[in-house]
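Since the structure comes first, as C-alpha cells, the remarks are kept for the end.
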Amino acid sequence: MNDPTPPFAAPVGTHDVLGPASAQWEGLISRFADWTYRYGFSLVLTPIFEDEGVFSRGIGEGSDVFRKEMYVFEDRGKRRYALRPEGTASVVRAFVQHRPTTPWKAWYVTPAFRYERPQKGRYRQHHQLGVEVIGTDDPAVDVEVIALADGFYRSIGLERLRLLINSMGHGACRAAYLAALSEYLEGHELSLCDEHRTQWRRNALRVLDCKRPECVTVTDAGPFLVDWLCEPCRAHFDAVVGGLAEVGISGTLSPRLVRGFDYYTRTTFEFVSDALDGAQNAVGGGGRYDGLTERLGGPPTSGVGFGSGVERLLLARTAEGRVDPLIERTLDVFVVDGGEGGPIGPLVERLRRAGLAVERAYDGRSLKAQMKVADRSGARLALLVGTEGPGSTVTIRDLRASESTQQRVPEHELVEALTDRLTKTRL
RNA sequence: GUGGGCGUAGCUCAGUUGGUUAGAGCGCCAGGUUGUGGUCCUGGAGGCCGCGGGUUCGACCCCCGUCGCUCACCCCA
C-alpha cells in the first residue's frame, strides 16, 4: 500500500492517454472515420511491425527516417523486423499481397515509431491517421485526398492552415532533374552546410529541404523540379492545382517541398499550422507514390495518400483554443440506490439494454455519497430507487436544472419517461 | 547525437541564509446543513522530499553520481 515510486513507467518517448485527453482522441478519430466514410474509404488494419525490407525499400534507405530513426529488432526466429515508422508502406504491402479491386481506398489510424529524442509534439511512439488510394493516377484523386484532409482539419477546428504543394515529377523528368541538381550541387559543394557538404550525394533532394542559410542560398540559385517537369507530369500537376481551385481550396506552390520519404512522385503536399511554431508546424502531409508498389514486388500501380500525426493535430487544436472533445460522451442516467428496494443491478441492466448510457455507484455508499458521484459523473438525470421503501415507483431527478425537479414514475413506464426527459433536457 | 531546465501528497505547487512533528490549494474519504448532489462548515486518509553516495552535530535545502521528465537544436507527424 505504501509503494514509494512505482517500479515501472511508460518508456521514454511514449505516453498514456486517459482522462479528458482520451475523450479528445476518441472524438478526433471518430470524426476522421466520418470523413473517410463520406469519401468512400474503408478501414484497413495492418500489423505494426513488418519485415524490415518493407520500410527499407518503401520509404527508402536514403531517408533520414530509415537511416537513424527506425525501430528494428530481431525476433526469436532470427527474422529482422521493424516497427512501422509511418503508415503508407504497410498499406501498400497489403495491397500487393491481397490485390483488392482498384481503385482501393483505405483509411487507417495506427501507432508509429521513430527512434529519436522526444520533445513537444514528437514522440518515439506517436499515432498517425491517414488514407491511401491505390490503383489510379487520375489527378481527381489527388484533389480528393487533399480535399478530405482539408475538410477534416477544418471540421476539428483548425483554421490557421496553409497548404503547400509541389510536384516531384516522375520517371524521365525526375531523373533528368536529379542529374541537373547533382551537377549543380557538385559545383557548389563547398558552399553547402556542414552536414550536406559531405552528405548531399546520398540524397540530393534532401538539400532542398535544408533550412540552413548556406544551403538555402545555394539551392535558391539552382534548378527546381517544377521547371523540369515533362509534359505528362506538368499536365497532371496543373490538373491537381486546377481541381483544387474548383473545389475552393488554395495552396501555395512550394518548390522546396520534397518531404521525408524517397517514394514520392508527382504531387507532394503538406498542411502547416500557423498556430504551431517553427520546426513542428506540419500537421499532415502526403503525396503520390507511383513507383512504390513495384518496389514492394507488385505490378506498376499508382497511389496517393496523406497522413497526420494525431498528437500534432491535438496540439494544433489546443493552440487554436479548441478543447471540446468533438464527440458527445455524456451519461444519460445515474442510478442511485436508496437501499430500501431490492438490488439495483437488474434495473441498471434493463436501462442499458434499452439503449441508455447508465452508471451507478458501488461498494454500498451512502445516499449522499452516491448523489455526489452522480453529480460529478456529468449524468443528466439521477434515478432514485428504493428511497421510500420497497415499491413500484422510482424518482427521476434532473441533475442539470438549477431548481431541482423530481418526478415519481411507475417502474413499467420508466424507459419512456426517461427517454422523454432526456429529449427535453437536450433541447 | 548535442545543449538547457526540472524532480516535494493523486494533481498544481510553497518550503525562508541547512535546524526538531514537511505545508497550501484542488481532488479523495467521512460527518454536519440543504428530505437528495451542486454552496457552506468540520474532521480524516495520503509523502523514506526520484534514487545512491558525500559534506555536516544536523540535509527537502549544499556537492557528486544516477535515473526520469521536460524544452530546444538536427530532422520529422
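In what follows, every chain begins at residue 1, and chains take the letters A, B, ... in the order their sequences are listed.
Where pairing requires Watson-Crick or G-U contacts shorter than 3.5 Å, the helical stems of RNA chain B with at least three consecutive pairs are B:1-7 with B:67-73, B:10-13 with B:23-26, B:28-32 with B:40-44, B:50-54 with B:62-66.
In this structure, CD of A:Gln119 is placed 16 Å from P of B:G4, rounded to the nearest angstrom. Put simply, CG on A:Leu399 is 14 Å from P on B:U39, counting in whole angstrom units. Following rounding to the nearest Å, A:Asn281 (CG) and B:A72 (P) show an atom-to-atom distance of 13 Å. For A:Arg397 and B:G38, the CZ to P distance is 10 Å, given to the nearest whole Å. Atom C1' of nucleotide B:C75 and atom CZ of A:Phe261 are separated by 11 Å, given to the nearest angstrom. Computed from coordinates, the A:Leu276 CG to B:C71 P distance equals 13 Å when rounded to whole Å. Between the OH atom of A:Tyr115 and the P atom of B:C75 there is a distance of 20 Å, rounded to whole Å. Separating the CG atom of A:Asp16 from the C1' atom of B:C69 is a distance of 14 Å, rounded to the nearest angstrom.
Taking only side-chain atoms of A:Thr395, from C-beta outward, the nucleotide of B:A77, B:U36, B:C75 with the closest atom is B:U36. Residue A:Asp375 places its side chain closer to B:G38 than to any other of B:G38, B:A77, B:C28. Looking at the side chain of A:Glu270, the nearest of the listed nucleotides B:A77, B:A30, B:G27 is B:A77. Of the listed nucleotides (B:A77, B:U36, B:G38), B:G38 has the atom at the smallest distance from the side chain of A:Lys372. Closest approach to the A:His126 side chain among B:G35, B:A77, B:A30 is made by B:A77 (side chain taken as heavy atoms from C-beta onward). Counting only heavy atoms from C-beta on, A:Leu384 has its side chain closest to B:U36 among B:U36, B:G27, B:A77. With distances taken from any side-chain atom of A:Lys368 to the nucleotides B:G31, B:C75, B:A30, the minimum falls on B:G31.
B:C51 sits 15 Å from B:G47 when the C1' atoms are compared, rounded to a whole Å. Taking the P atoms as reference points, B:G19 lies 13 Å from B:G15, given to the whole Å. Atom P of B:A14 sits at a distance of 26 Å from the matching atom of B:C40, rounded to the whole Å. Across B:G3 and B:U66, the matching P atoms stand 13 Å from one another, rounded to whole Å. Remark: the separation of the P atoms in B:C49 and B:U39 is 34 Å, to the nearest Å. With both ends at atom C1', the span from B:G58 to B:U20 equals 10 Å, rounded to whole Å. Taking atom P in both B:U16 and B:C60, the straight-line distance is 12 Å, to the nearest Å. A distance of about 36 Å separates the C1' atoms of B:U2 and B:G10, rounded to the whole Å.
For B:G27, the OP1/OP2 oxygens have no side-chain nitrogen or oxygen of A:Arg376 closer than 4.0 Å. The side chain of A:Arg365 contributes an N or O atom lying less than 4.0 Å from OP1 or OP2 of B:A30.
Here the rule is ring pair (Phe, Tyr, Trp, His ring centres under 6.0 Å) with A:Tyr289, and of A:Tyr264, A:Phe306, A:Tyr263 only A:Tyr263 fits it. Test A:Thr267, A:Asp142, A:Thr265, A:Asp137 against A:Arg288 for side chain to side chain donor-acceptor pair (under 3.5 Å) and you get one pass: A:Asp142.
Residues A:Glu86 and A:Arg114 have side chains in contact (heavy-atom distance under 4.5 Å, counting atoms from C-beta outward).
In this structure A:Gln370 satisfies the side-chain contact (heavy atoms from CB on, under 4.5 Å) test together with A:Val336, A:Asp337, A:Ala361, A:Arg365, sequence neighbours excluded.
At a cut-off of 3.5 angstrom, counting only N and O atoms as typed in the model, there is no donor on one side facing an acceptor on the other between the side-chain of A:Arg114 and the base of B:C75. No N or O donor and acceptor, one from the side chain of A:Gln280 and one from the base of B:A72, sit under 3.5 Å apart.
Inspection of the A:Glu311 and A:His15 side chains reveals an N or O donor paired with an N or O acceptor under 3.5 Å.
Here the CG atom belonging to A:Asp332 is positioned 8.5 Å from the OG1 atom belonging to A:Thr419, to the nearest 0.5 angstrom.
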List the atom pairs, with distances to 0.1 Å, where a side-chain N or O of residues 154-165 of chain A and a protein N or O form a donor-acceptor pair under 3.5 Å, not counting sequence neighbours.
| residue | atom | partner | partner atom | Å |
| --- | --- | --- | --- | --- |
| A:Arg154 | NE | A:Asp150 | OD1 | 3.0 |
| A:Arg154 | NE | A:Asp150 | OD2 | 3.4 |
| A:Arg154 | NH2 | A:Asp150 | OD1 | 3.3 |
| A:Ser155 | OG | A:Trp35 | NE1 | 3.2 |
| A:Ser155 | OG | A:Phe152 | O | 2.8 |
| A:Arg160 | NH2 | A:Asp274 | O | 3.0 |
| A:Arg162 | NE | A:Asp274 | OD1 | 3.3 |
| A:Arg162 | NE | A:Asp274 | OD2 | 3.0 |
| A:Arg162 | NH2 | A:Asp274 | OD1 | 3.0 |

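For the pair A:Arg80 and A:Phe73, the cation-pi criterion (under 6.0 Å, within 45° of the ring axis) is not fulfilled.
Nucleic acid contact class of A:Phe113 (heavy atoms, under 4.0 Å, all strands): none. Among the heavy atoms of the strands lying under 4.0 Å from A:Arg117 is at least one base atom, whether or not backbone atoms are also near. Note on A:Tyr123: a base of the nucleic acid sits closer than 4.0 angstrom, heavy atoms only. Backbone-only engagement by A:Val12 is indicated by non-hydrogen atom pairs under 4.0 Å involving sugar-phosphate atoms exclusively. Heavy atoms of A:Gly285 sit nowhere under 4.0 angstrom from any nucleic acid atom. Within 4.0 Å of A:Glu86, counting heavy atoms only, lies no atom of the nucleic acid at all.
Comparing A:Pro11 and A:Ser366, the nucleotide of RNA chain B nearest to each residue sits closer to the 5' end for A:Ser366. Between A:Arg124 and A:Lys120, the one whose closest nucleotide on RNA chain B sits nearer the 5' end is A:Lys120.
Within a 6.0 Å radius of CZ in A:Arg57, other residues, nucleotides and ligands contribute 12 heavy atoms or fewer.
Nearest approach of A:Leu225 to A:Gly169, heavy atoms of both residues: CD2-N, 3.8 Å.
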